[in-house]
Amino acid sequence: MTFLSKAAGLAAIGISVVGLQAAAQDFPERPLEFVAGYGPGGGHDTMLRTMARLMEENDLSPVPINVVNKEGGSSAVAMGYLNAREGDPHYLMSITSSHIATPLTSNIGLDYSSFTPIARIGIDPELLVVNSTKGYESLDDLEAEDRMLNVGGTATGSIEHIVTMQLADETGMELNFIPFQGDGEVVTALLSNQIDFAITNPGPVADYLDSGKFNALAISTEERVESLPDVPTFIEQGADIKISLFRGLTAAPGISEEDRQALTDMVTKLFETEAWREEYIEPNAVVPLVVTGEEFADYLGETEAAYRETLGKLDMLSN
Amino acid sequence: MDAMSNLLMGFGDILTPFNIAIIFAAGLIGTVVGALPGLGPSAGIALMLPLTFGMPEASGLCLLTGVYMGTMYGGRITSILINAPGDAPAIITAYDGYPMMQQGRGAMALGISAFSSFIGGLFGLLVLIFLAPIIASYAIYLGAPEYFLLMATGLATVMLLAGKHLAKALLVTCFGVLVSSFGSDYVSGQIRFAFVPELIEGIDFVAIIIGLYGLGEVFYNLEKKVKLNLGKPGFRMREFIPGRSELGEAAAPTLRGSVLGTLIGIVPGAGATVATFLDYALEKRLSKKPETFGKGAIAGLAGPEATNNAAVPGSLIPLITLGIPGSGGTAIMLGALIMFGMRPGPLLMTTSGDIVWAMIAGLVLANVFLLLSNVLLIPVFVNLLRTVQGNLSNVVIALCVVGAFSLSYSPFNIWIMLIFGVVGYLMKKNDYPTGPFILAVVLAPLAENYFRQSIMMGQGSAGIFLDRPISLTILIIMALIVGLSVVGRLRPKRRALAAAEEGE
């Protein structure tokens with residue numbers, strides 16, 4: 001089994017053979033590489049490909065951009081890949097909650113602080129969604145049911161699960177979280193009333209909300225969001241829940257301050273364009289709340305703390 | 001009929017030289033991609049995705065769906081010629097296709113399967129065109145309990161694939177369940193046996209298939225010094241265009257396979273795979289000569305081939321009517337729809353109906369192109385194999401390694417493939433059936449997860465299987481089948497003969 005441990009060593013610990021190179025003044029000196037930790041066609045991949053296309057169309061990058069997929073291990077493989085590029089600023093990796101959760105649930109020897117956080121692109125709030133035929137209008141209506149409610153979401157330990165657990169704590173409702181594989185199965189289960197409500201991002205249910213088949217009763221942001229002005233927050237309804245999925249970008253560890261700034265400028269210019277809003281933010285129902293640099297690193301730290309607490313309760317921490 | 005005029009409008013959109021060329025190219029690319037072990041529909045669609053940027057939406061979608069359909073045609077080629085299925089729905093094709101190849105009827109196997117694929121695809125498309133909204137409105141009432149029962153039924157076909165040694169079949173089934181349990185379990189959130197990070201998401205079953213069948217076969221043939229019976233070089237039509245007798249034998253299985261594939265293809269996850277195995281089991285049961293199955297039976301080839309092609313339009317039904325992807329390939333298409341600025345969901349047909357109908361018309365055209373090109377290309381494939389037959393082992397190993405690498409563009413899956421190549425060789429040498437093993441690898445995790453989901457939905461009670469009308473119906477049918485077969489076994493007479501041939 002020596003080859004397995006060798007593969008593990010290369011991928012996870014990421015021996016830094018590349019070393020410090022690429023002096024700051026000549027960055028970028030070759031094409032940039034956008035790293036997706038998941039396969040082609042997934043959320044990470046489509047986001048990075050849209051970014052690459054728009055950056056080239058709007059002349060925001062002086063060099064060409066390649067998107068590569070380093071899938072496997074719930075983003076652990078891509079983390080190992082990027083960590084091995086220490087000091088090289090030509091790489092940007094897309095990250096979401098798995099960037100925080102995977103290091104907590106499995107022992108990969110890396111976490112968010114093993115990288116250089118660049119920017120949070122926005123957040124994907126969690127909605128509490130019911131089937132309109134049930135006639136629920138608010139959280140109170142759900143509480144009034146006074147029985148154990150079935151809740152659908154993706155995967156145990158996911159952000160949907162965390163919201164469900166917090167909701168049970170805050171309101172005293174009896175909630176039975178049922179993990180589904182993927183948003184599609186959650187939508188199907190809610191359509192046919194196999195679950196009482198779902199916790200989900202706006203994207204997969206946007207059309208169902210517009211057509212009135214589903215009804216959103218609460219959103220997990222601190223204040224109401226522009227795209228869904230009629231949906232009250234959990235906080236408004238007396239449940240202190242403010243946790244969302246984030247989408248962001250991180251770079252290789254140990255890059256210079258100048259290079260970090262150059263990467264940050266490059267992407268924030270893109271985020272200000274009309275094309276980005278029209279072609280990524282709106283179709284994916286992302287709330288564009290950009291934070292950069294140390295502020296983003298602090299946000300990642302807070303998110304990790306929230307995950308650590310909930311995953312600890314579920315006995316899912318690896319150490 | 002509304003659907004008809006919409007479809008004609010769709011044809012109006014795509015009958016431009018550019019779109020016709022795109023659809024033709026998509027079919028060919030899909031055939032080649034599907035023929036390479038390891039590269040299935042997901043990889044094919046993903047590879048083409050960047051090319052669709054800058055194309056009009058309808059052309060881009062035609063390219064993607066054309067490749068999807070093409071991979072289903074292509075998957076059968078390597079199954080039949082070198083016993084290396086490219087993807088799970090093509091496994092069963094190798095069961096009777098490869099023996100036909102070994103008997104020198106490889107060209108005919110390709111011909112028959114091309115026709116069944118065409119009919120399967122056409123049937124699925126007709127259902128998609130005329131019945132999609134109705135089917136989708138019923139399909140949503142299927143949930144975890146029904147999916148579990150379907151997976152359990154699929155696993156039960158182990159008995160039919162067992163061959164001579166039932167004990168050995170059950171043993172490899174257990175081994176398959178063990179192999180499938182690696183990786184993260186989304187129901188409990190726990191991670192099992194992840195010794196290296198690549199194992200967090202489990203072992204890719206496509207790498208297992210390539211190793212088990214492709215590489216295992218090479219090892220076995222090298223030891224036995226097997227020489228393929230490829231016949232004389234020839235390009236005569238009657239060698240590969242099925243005649244009246246072959247078509248007669250293939251007709252009924254093809255139709256049954258088409259229906260089964262369209263209906264079960266809608267089930268998310270392993271719909272197409274389960275459908276092919278169930279169809280094979282059905283054909284073996286209905287056949288007057290079940291003993292020929294696994295030795296080159298035309299019915300055993302034609303039925304499942306129609307099934308896996310019919311599953312393509314079947315899996316598109318939930319995608320275009322509800323925005324819910326039913327397979328790996330359609331999950332990537334969902335991403336593509338979003339990138340084109342369309343909004344997949346219940347309103348897709350209203351907001352972007354013209355584009356969707358153009359895509360459906362493109363699929364109809366692609367299916368016709370695929371039949372023609374696949375039939376005309378048979379002599380090329382067969383004679384290509386003939387020219388390399390002296391070095392066939394090297395070629396197959398190279399294809400297997402490239403295929404395994406391409407699964408996640410890392411060498412990790414090559415190791416997995418090599419390990420299961422040795423496993424496949426040992427199984428074949430010691431007469432352990434591989435079918436039950438691979439079926440367990442694909443279906444066991446789904447069955448496990450759906451079972452636990454069902455119990456969770458029942459808030460701890462197994463009564464949910466009886467409370468839901470559809471799952472109750474499936475249970476009653478299963479009980480009837482078991483009951484009838486027990487009664488059948490007890491009766492002597494003609495059953496005794498069949499049992500003797502099938503059993504000891």
Side-chain angles (χ1 to χ4, degrees), chain A residues 3-5 7-8 11-12 39-43 45-46 49-50 53 67-74 76-77 80 102 105-106 108 148 150 154-157 161 176-182 184-185 187-189 191-192 194-195 204 206-208 210-211 213 278-279 283-284 311 314 316 318, chain B residues 42-43 45-47 49-50 53-54 139-144 184-191 194-201 268-269 318 322-326 328 331-336 338-339 341-348 351 408-412 415 449 452-453 456-457 459-460:
Chain A
F3 62 87
L4 279 181
S5 49
D45 181 68
T46 46
R49 287 186 199 278
T50 311
R53 179 167 56 87
V67 177
V68 298
N69 300 93
K70 295 287 168 191
E71 56 195 282
S74 294
V77 171
T102 302
T105 54
S106 44
I108 61 169
M148 190 193 273
N150 281 348
T154 55
T156 297
H161 192 187
N176 176 32
F177 182 81
I178 301 166
F180 287 86
Q181 195 162 29
E185 290 196 13
V187 172
T188 314
L191 266 180
S192 51
Q194 299 181 40
I195 49 178
D207 235 16
Y208 290 91
D210 288 350
S211 61
K213 281 194 155 73
E278 272 172 19
E279 296 187 41
N284 291 284
L311 296 178
L314 294 168
M316 283 173 59
S318 67
Chain B
S42 311
I45 296 173
L47 284 172
L49 198 56
F53 301 154
I140 56 165
Y141 290 100
L142 298 178
S184 96
D185 162 34
Y186 73 90
V187 177
S188 71
Q190 303 294 331
I191 294 166
F195 309 116
V196 295
E198 282 88 345
L199 285 173
I200 293 178
E201 283 172 0
L322 301 167
I324 294 167
I332 295 175
M333 293 203 42
L334 180 74
I338 294 172
M339 289 187 74
M342 294 156 72
R343 286 183 49 182
L347 304 178
L348 182 67
T351 53
S408 61
Y409 303 101
S410 79
F412 181 76
W415 291 115
N449 289 334
R452 287 186 296 169
Q453 255 178 26
M456 289 170 104
M457 276 161 71
Q459 303 191 342

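Proteins come first, then strands; the chains are lettered A, B, ... in the order of their sequence lines, and each starts at number 1.
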Inset, instruction - Sort L348(B) into side chain, backbone, both or neither according to what part of it lies under 4.5 angstrom from a heavy atom of chain A. - result: backbone
Inset, instruction - Calculate, to the nearest 0.5 Å, the distance between atoms OG1 and CZ belonging to T46(A) and R53(A) respectively. - result: 11.0 Å
Legend entry - Largest heavy-atom contact set with chain B, pairs under 4.5 Å, which of D210(A), T154(A), N150(A), V187(A): N150(A)
Inset, instruction - Kindly indicate whether the side chain of F412(B), heavy atoms from C-beta on, has any atom under 4.5 Å from the side chain of V77(A). - result: no
Legend entry - Backbone N/O of S74(A) and side chain of T102(A): donor-acceptor pair under 3.5 Å: yes
Inset, instruction - Tell me, out of Q194(A), K213(A), M148(A), who's got the most heavy-atom pairs with chain B below 4.5 Å. - result: Q194(A)
Legend entry - Side chain to side chain, D207(A) and T351(B), heavy atoms closer than 4.5 Å: no
Inset, instruction - Decide yes or no on side-chain contact (heavy atoms from CB on, under 4.5 Å) for I108(A) and I200(B), but give the supporting numbers first. - result: CA-CA 10 Å; I108(A) 61 169; I200(B) 293 178; 4.2 Å; yes
Legend entry - Heavy-atom pair count under 4.5 Å with chain B, highest-scoring of T156(A), L311(A), T188(A): T156(A)
Legend entry - Region of N176(A) that comes under 4.5 Å of a non-hydrogen atom in chain B: side chain
Legend entry - Contacting moiety of A43(B), where chain A heavy atoms sit under 4.5 Å: neither
Legend entry - Note, P179(A) side chain near M456(B) side chain (heavy atom, < 4.5 Å): yes
Inset, instruction - Give, as side chain, backbone, both or neither, the part of F180(A) having an atom under 4.5 angstrom from any heavy atom of chain B. - result: both
